[in-house]
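As structure tokens, the structure follows; a few thoughts come after it.
Start at 1 and go down the list; that is how both ligands and their atoms are numbered.
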Amino acid sequence: MEGIFITMEGPDGSGKTTQIELLKTYLEEKGYDIVIAREPGGTAIGEVIREVILNPEHKEMSHMTELLLYASARAQLVNQVIAPALLEGKAVICDRFVESSAVYQGIGRGLGVDTVYEVNNYALGNVKPMLTIFMDLDADQGIRRKKKQAELDRMEQEDLSFHERVVEGYRMLAKLYPERIVPIDAMLPIEEIHKKIVDEVEKRFFAK
Ligand code: TYD
């Protein structure tokens, strides 16, 4: 069996984690061993980098430092977790991946999408997502959901206009790469969203 690599993207609070759990169960029923990873993090080294990036005290962090730290955590995750799992024929689901950098650092921070993909090419090597689900949710809705939770991290503390640029960025990427990035309305009921994701996965990986 060949490996499958699916990434889940969307603004903060768009319900990615819930959908990843449901997708995991579905793919297990299809007979796959599943690896779930989250970004930034997913490895011991990546988790340390995550703390450095998201620490609200690190207000002086330059945008380029931020981009390179996310890319470093990603390089480690690809090397240590994703590439080996795919070689073993597993299904890898990643909670955020390179499109997060494209929209948060490329568009939100203004570093440019091309720069972000260029830097990340070094981190990714030939490991590319086969399908990217974009949980499409207006920024204010996402923030509202997040504020109900614990303390906000350094990225979540950005103002609404930053998060609006992020969502617009995702929408733009989904239009640019429609064959890979699939937008799904994150306001729909959980089960309905899951069904749409399953339809996409069936179409791409299990169609006869
Ligand atoms: P995460 O904890 O996964 O947030 P959430 O649970 O809301 O998805 O991600 C941490 C933050 O890091 C999130 O605000 C998005 C941001 N981020 C980037 O800015 N660039 C990146 O490349 C990645 C992977 C995440």
Side-chain angles (χ1 to χ4, degrees), residues 5-21 23 36-43 45-56 58-59 61-78 81-82 92-124 127-129 132-170 173 181 184 186 193:
F5 182 23
I6 299 172
T7 61
M8 194 69 80
E9 294 280 359
D12 301 281
S14 58
K16 299 188 299 297
T17 314
T18 307
Q19 290 302 326
I20 287 172
E21 282 306 313
L23 180 58
I36 293 181
R38 72 158 180 180
E39 279 220 344
T43 64
I45 293 171
E47 292 296 331
V48 176
I49 297 175
R50 177 189 177 88
E51 283 182 28
V52 174
I53 301 176
L54 296 180
N55 187 338
H58 291 169
K59 297 202 191 310
M61 187 179 295
S62 83
H63 294 167
M64 185 50 80
T65 306
E66 187 180 283
L67 169 63
L68 293 171
L69 284 173
Y70 278 114
S72 303
R74 186 165 298 130
Q76 189 61 31
L77 184 68
V78 165
V81 176
I82 300 177
V92 179
I93 311 171
C94 200
D95 187 347
R96 300 190 175 283
F97 200 61
V98 66
E99 273 66 44
S100 281
S101 283
V103 299
Y104 282 81
Q105 282 66 54
I107 297 167
R109 298 300 195 204
L111 291 173
V113 169
D114 291 346
T115 304
V116 170
Y117 280 122
E118 196 183 326
V119 165
N120 274 274
N121 269 339
Y122 295 104
L124 265 57
V127 173
K128 301 277 153 65
T132 297
I133 302 292
F134 158 40
M135 300 285 286
D136 189 344
L137 183 72
D138 286 337
D140 53 344
Q141 292 285 348
I143 303 263
R144 196 170 308 158
R145 290 188 192 182
K146 273 280 161 178
K147 279 192 177 148
K148 288 194 194 136
Q149 299 174 16
E151 248 174 83
L152 298 181
D153 65 39
R154 197 174 59 84
M155 300 302 288
E156 288 160 356
Q157 286 180 0
E158 286 298 327
D159 62 12
L160 183 60
S161 74
F162 176 86
H163 291 282
E164 280 169 345
R165 288 200 298 283
V166 163
V167 172
E168 282 313 312
Y170 273 127
L173 291 182
I181 304 179
I184 293 181
I193 296 174

Glu156 contact mode with ligand 1 (heavy-atom cut-off under 4.0 Å): side chain

Minimum-distance protein heavy atom relative to atom 23 (C) of ligand 1: Tyr70 CE2, 3.3 Å

Side chain to side chain contact (heavy atoms under 4.5 Å, CB included) partners of Ile20, counting only residues at least two apart: Met8, Ile36, Ile93, Asp95

Atoms of ligand 1, numbered as shown, that sit under 4.0 Å from any heavy atom of Gln105: 18 (C), 19 (O), 20 (N), 21 (C), 22 (O)

Contact atoms of ligand 1, heavy-atom distance to Arg74 under 4.0 Å: 21 (C), 22 (O), 24 (C)

Heavy-atom donor-acceptor pair, Arg154 side chain to Ile53 backbone, under 3.5 Å: yes

Any N or O of Asp153 closer than 3.5 Å to N or O of ligand 1: no

Nearest-neighbour protein heavy atom for atom 8 (O) of ligand 1, which is reported as residue plus atom name and distance: Lys16 NZ, 2.7 Å

Region of Arg96 that comes within reach of ligand 1 [heavy atoms, distance under 4.0 Å]: side chain

Contact atoms of ligand 1, heavy-atom distance to Arg50 under 4.0 Å: 1 (P), 2 (O)

Lys/Arg-Asp/Glu bridge criterion (N-O < 4.0 Å) met for Arg144, Asp138: no

Exam field: side chain Arg96 to backbone Pro40, donor-acceptor pair closer than 3.5 Å: no

Sub-4.5 Å side-chain heavy-atom contact between Phe134 and Pro11: yes

Test side chain to side chain contact (heavy atoms under 4.5 Å, CB included) applied to Glu9 and Met135, step by step: CA-CA 6 Å; Glu9 294 280 359; Met135 300 285 286; over 6 Å; no

Asp12: numbered ligand 1 atoms lying under 4.0 Å from its heavy atoms: 4 (O), 5 (P), 7 (O), 13 (C), 14 (O)

Reported CG-to-CG distance for the pair Leu152 and Asp12, which is rounded to 0.5 angstrom: 9.0 Å

Atom 22 (O) of ligand 1 [closest protein heavy-atom partner, distance rounded to 0.1 Å]: Ser101 OG, 2.5 Å

Side chain to side chain contact (heavy atoms under 4.5 Å, CB included) partners for Arg165, two or more places apart: Ile107, Ser161, Phe162

Closest to atom 11 (C) of ligand 1 (judged by heavy-atom distance), picking from Leu67, Leu54, Val103: Leu54

Heavy-atom nearest neighbour in the protein, as seen from atom 6 (O) of ligand 1, with distance rounded to 0.1 Å: Lys146 NZ, 3.5 Å

